[in-house]
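Heads up, the thing below is written out as structure tokens.
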Amino acid sequence: MEKIKMAVPLVEMDGDEMTRILWKMIKDEFILPFIDLKTEYFDLGLNHRNETDDQVTIDSAEATKKYGVAVKCATITPNAARMDEYNLKEMWKSPNGTIRAALDGTVFRAPIQVKGIEPCVKNWEKPITLARHAYGDVYKNTEIKVPGAGKAELVFTGEDGKEIRQVIHEFTGSGIIQGIHNTDKSIESFAKACFAYALDTKQDLWFATKDTISKVYDHNFKDIFQEVYEKEFKDKFEAAGLEYFYTLIDDAVARVMKAKGGFIWACKNYDGDVMSDMVSSACGSLAMMTSVLVSPDGIYEYEAAHGTVQRHYYKHLKGEETSTNSVATIFAWTGALRKRGELDGIKELVEFAGKLERATLGTIESGNMTKDLALITSLENVNVLNSEDFIKAIRKNLEASL
């Protein structure tokens with residue numbers, strides 16, 4: 001078949017360890033033989049980030065703003081052990097955090113459902129997409145270990161010098177204090193991204209906080225969401241037959257467990273962190289979870305929801321066989337190719353992305369899968385494949401569909 005032509009490049013962000021190995025296999029087996037691939041390539045491997053003082057990460061984010069769609073491999077966020085292992089100049093920040101900040105983006109994660117890997121919650125017939133606010137709250141906190149008796153106060157000093165002051169607690173002994181913050185601008189961007197993505201994917205949107213207890217902080221989130229909805233999205237939602245509603249986080253958790261799925265659940269930063277792990281675990285594996293960063297301006301960056309699979313990488317370096325699940329990374333590529341095709345009006349690119357996804361899921365449903373899925377599948381007499389053979393099995397199914 002003639003290769004599918006692309007009009008505008010994708011931004012391609014290469015990564016680290018075992019996912020970097022899978023990245024090359026995926027391109028060689030699924031992308032390059034069938035697509036005349038155009039990318040702006042950035043190496044976000046830790047060595048290259050170190051060589052460029054992490055400028056490469058900033059450059060990749062700027063390129064994503066320019067071209068509108070990116071696909072990213074999993075990357076290392078270094079700790080003290082990585083400092084020694086890679087001889088780093090400094091403990092570079094999370095690339096995901098840098099890119100999120102640059103794009104002012106919201107993270108949307110959803111399980112990849114496949115026959116034979118049933119969710120623990122039996123009534124979840126469709127994926128539940130978690131929309132996680134990616135700024136502030138406990139992740140940008142300030143903490144104090146209180147040594148003994150004394151008064152703790154919350155103080156804001158305006159540019160004009162005027163103070164707002166409230167007593168937090170009168171301590172009679174030792175304790176702890178935590179200060180968190182957010183900004184109206186970031187919350188508004190979060191809301192716009194959630195409403196826009198709901199329209200794009202034709203799904204209802206839920207939003208939940210604890211405004212009955214947090215009557216200023218959480219209520220501010222609720223108010224901004226409602227204002228954005230009323231001003232910009234209410235008519236669009238009604239025309240599309242979609243629903244937006246707000247509820248308490250307690251109620252949302254209860255309703256989610258009884259729901260059939262097929263909606264977006266928007267959460268504050270910590271809630272989204274925890275609930276996305278709950279949903280992914282209930283659906284089988286982080287390697288079966290899509291993740292896309294969406295900016296309020298409609299810029300998309302697709303990636304796998306998991307890490308670099310360090311343990312398998314060390315086995316790979318020793319020449320040992322691995323059985324690493326590449327599904328989430330494949331779906332990062334298909335998500336980016338589909339969005340590029342939609343934006344550029346290239347129907348063939350959209351259709352190819354769908355065929356590759358169906359070939360991937362069909363391979364698993366036929367009983368051919370990696371070890372992590374074989375341990376949890378309800379299918380009988382499955383064939384456990386190594387990393388490379390799993391990708392080659394998908395290639396056979398893809399060729400048959402083409």
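All values derive from a computational prediction rather than experimental measurement.
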Is there a side-chain contact (heavy atoms from CB on, under 4.5 Å) between Lys126 and Lys260 once you walk through the steps? CA-CA 6 Å; Lys126 298 178 182 179; Lys260 293 184 177 181; over 6 Å; no
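Ring to ring, Tyr302 and Phe331 are not that close: their centroids are 6.0 angstrom or more apart. In this structure, His133 has its ring center no closer than 6.0 Å to that of Tyr270. Residues Tyr244 and Phe195 bring their aromatic ring centres within 6.0 Å. A centroid separation of less than 6.0 Å is found between the aromatic rings of Trp206 and Phe263. Ring to ring, Phe225 and Phe190 are close: their centroids are under 6.0 angstrom apart.
Checked against salt bridge (Lys or Arg N to Asp or Glu O under 4.0 Å), Asp277 has no partners two or more places apart in sequence or in another chain. In terms of the ring-ring contact (aromatic ring centres under 6.0 Å, His included) criterion, His48 has no residue partners (sequence neighbours excluded). Contacts of Glu170 classified as salt bridge (Lys or Arg N to Asp or Glu O under 4.0 Å), with partners at least two apart in sequence or in another chain: none. Lys315 is linked by a salt bridge (Lys or Arg N to Asp or Glu O under 4.0 Å) to nothing, counting only residues two or more places apart in sequence or in another chain. By the salt bridge (Lys or Arg N to Asp or Glu O under 4.0 Å) test, Glu243 pairs with no residue at all, sequence neighbours left out.
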Which pairs of donor and acceptor atoms, one on a side chain in residues 394-402, lie under 3.5 Å apart (sequence neighbours left out)?
residue, atom, partner, partner atom, Å
Arg395, NE, Glu399, OE2, 2.8
Arg395, NH1, Glu29, O, 3.1
Arg395, NH1, Glu29, OE1, 3.0
Arg395, NH2, Glu399, OE2, 3.1
Asn397, ND2, Thr363, OG1, 2.7
Ser401, OG, Leu398, O, 2.7

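The side-chain tip of Lys236 points at the ring of Phe233 from less than 6.0 angstrom away and within 45° of straight on.
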